[in-house]
Amino acid sequence: QGELVESGGGSVQTGGSLRLSCAPSGSSGYTYNTNCWGWFRQAPGKEREGVASITSTGHTRYTDSVKGRFTISRDSANDTLYLQMTSLKPEDAAVYYCAAGRSASCYPISSLFGDWGQGTQVTVSS
């Protein structure tokens with residue numbers, strides 16, 4: 001296991017965009033032992049919610065509320081995970097976490113992931 005570090009959070013107005021990034025903090029990458037990456041979010045007073053996942057072959061899944069607005073991607077050469085967020089809404093405001101894991105089936109479900117970042121705050125003002 002290792003540490004993941006997110007970046008790119010911030011404050012935007014409704015309809016704005018942000019791109020979140022996530023990469024391992026050390027020199028050892030995750031690629032050799034990981035085949036599933038995901039983004040999760042947690043708003044105050046709410047449970048953590050799976051946002052999107054991506055497999056090592058690029059297959060993606062999204063929660064319904066972000067389909068068509070968010071795009072998960074991964075740069076394997078740099079071992080970096082991204083979440084491009086567009087048309088942001090106030091209900092998207094949360095702390096966003098990236099995660100990595102190894103699973104036969106890759107879904108944005110917390111139990112499938114063993115390594116997590118510390119989170120980055122996204123604020124959306126109306």
Side-chain angles (χ1 to χ4, degrees):
Q1 292 184 336
E3 182 178 352
L4 298 171
V5 180
E6 303 96 339
S7 61
S11 182
V12 297
Q13 292 186 329
T14 297
S17 300
L18 283 174
R19 188 177 80 156
L20 306 183
S21 300
C22 169
S25 63
S27 60
S28 60
Y30 279 78
T31 303
Y32 80 98
N33 198 34
T34 304
N35 67 351
C36 179
W37 295 264
W39 285 99
F40 295 78
R41 65 187 180 187
Q42 188 168 18
K46 295 187 177 181
E47 294 187 354
R48 185 165 54 189
E49 174 190 26
V51 175
S53 61
I54 186 168
T55 70
S56 56
T57 57
H59 184 67
T60 59
R61 289 187 169 94
Y62 298 90
T63 192
D64 286 345
S65 63
V66 307
K67 286 180 180 178
R69 300 188 299 121
F70 289 12
T71 302
I72 187 171
S73 62
R74 184 173 175 272
D75 180 347
S76 58
N78 294 310
D79 214 0
T80 301
L81 180 70
Y82 299 100
L83 184 68
Q84 178 69 51
M85 305 185 294
T86 63
S87 301
L88 282 161
K89 305 175 181 180
E91 52 264 42
D92 294 318
V95 176
Y96 282 71
Y97 301 88
C98 65
R102 185 162 187 85
S103 174
S105 297
C106 186
Y107 292 86
I109 299 173
S110 298
S111 59
L112 298 180
F113 297 85
D115 294 302
W116 294 82
Q118 296 300 308
T120 185
Q121 179 71 52
V122 172
T123 303
V124 184
S125 58
S126 57

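Quick caveat: nothing in here was measured; it's all calculated off a predicted structure.
- Between R74 and D79 the shortest side-chain heavy-atom distance falls below 4.5 Å.
- Across all non-hydrogen atoms, the minimal contact from G38 to L81 is O-CD2, 3.7 Å.
- Contacts of K46 classified as side chain to side chain donor-acceptor pair (under 3.5 Å), with partners at least two apart in sequence or in another chain: none.
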Could you pull out every donor-acceptor pair under 3.5 Å between side chains of residues 5-14 and any protein atom, sequence neighbours left out?
residue: E6; atom: OE1; partner: Q118; partner atom: N; Å: 3.1
residue: E6; atom: OE1; partner: G119; partner atom: N; Å: 2.8
residue: E6; atom: OE2; partner: C98; partner atom: N; Å: 2.9
residue: E6; atom: OE2; partner: G119; partner atom: N; Å: 3.2
residue: T14; atom: OG1; partner: S125; partner atom: O; Å: 2.9

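- Counting only heavy atoms from C-beta outward, the side chains of V122 and L20 approach each other to under 4.5 Å.
- Counting only residues at least two apart or on different chains, the ring-ring contact (aromatic ring centres under 6.0 Å, His included) pairs with a member in residues 91-115 are F40-F113.
- Contact annotation: the side chain of R48 approaches that of W116 to within less than 4.5 Å [non-hydrogen atoms, C-beta and beyond].
- In the hydrophobic clustering of this structure, Y82 does not group with L4; members are Ile, Leu, Val, Met, Phe, Trp, Tyr whose side-chain heavy atoms approach within less than 4.5 Å, directly or through other members.
- The shortest heavy-atom contact between R102 and N35 is CA-OD1, 3.1 Å.
- Residues forming a salt bridge (Lys or Arg N to Asp or Glu O under 4.0 Å) with R69 (at least two apart in sequence, or on another chain): D92.
- Sorted pairs that involve residues 47-79 and meet ring-ring contact (aromatic ring centres under 6.0 Å, His included), not counting sequence neighbours, are lacking altogether.
- Here salt bridge (Lys or Arg N to Asp or Glu O under 4.0 Å) pairs that include residues 50-66, with residues two or more places apart or in two chains, are D64-K67.
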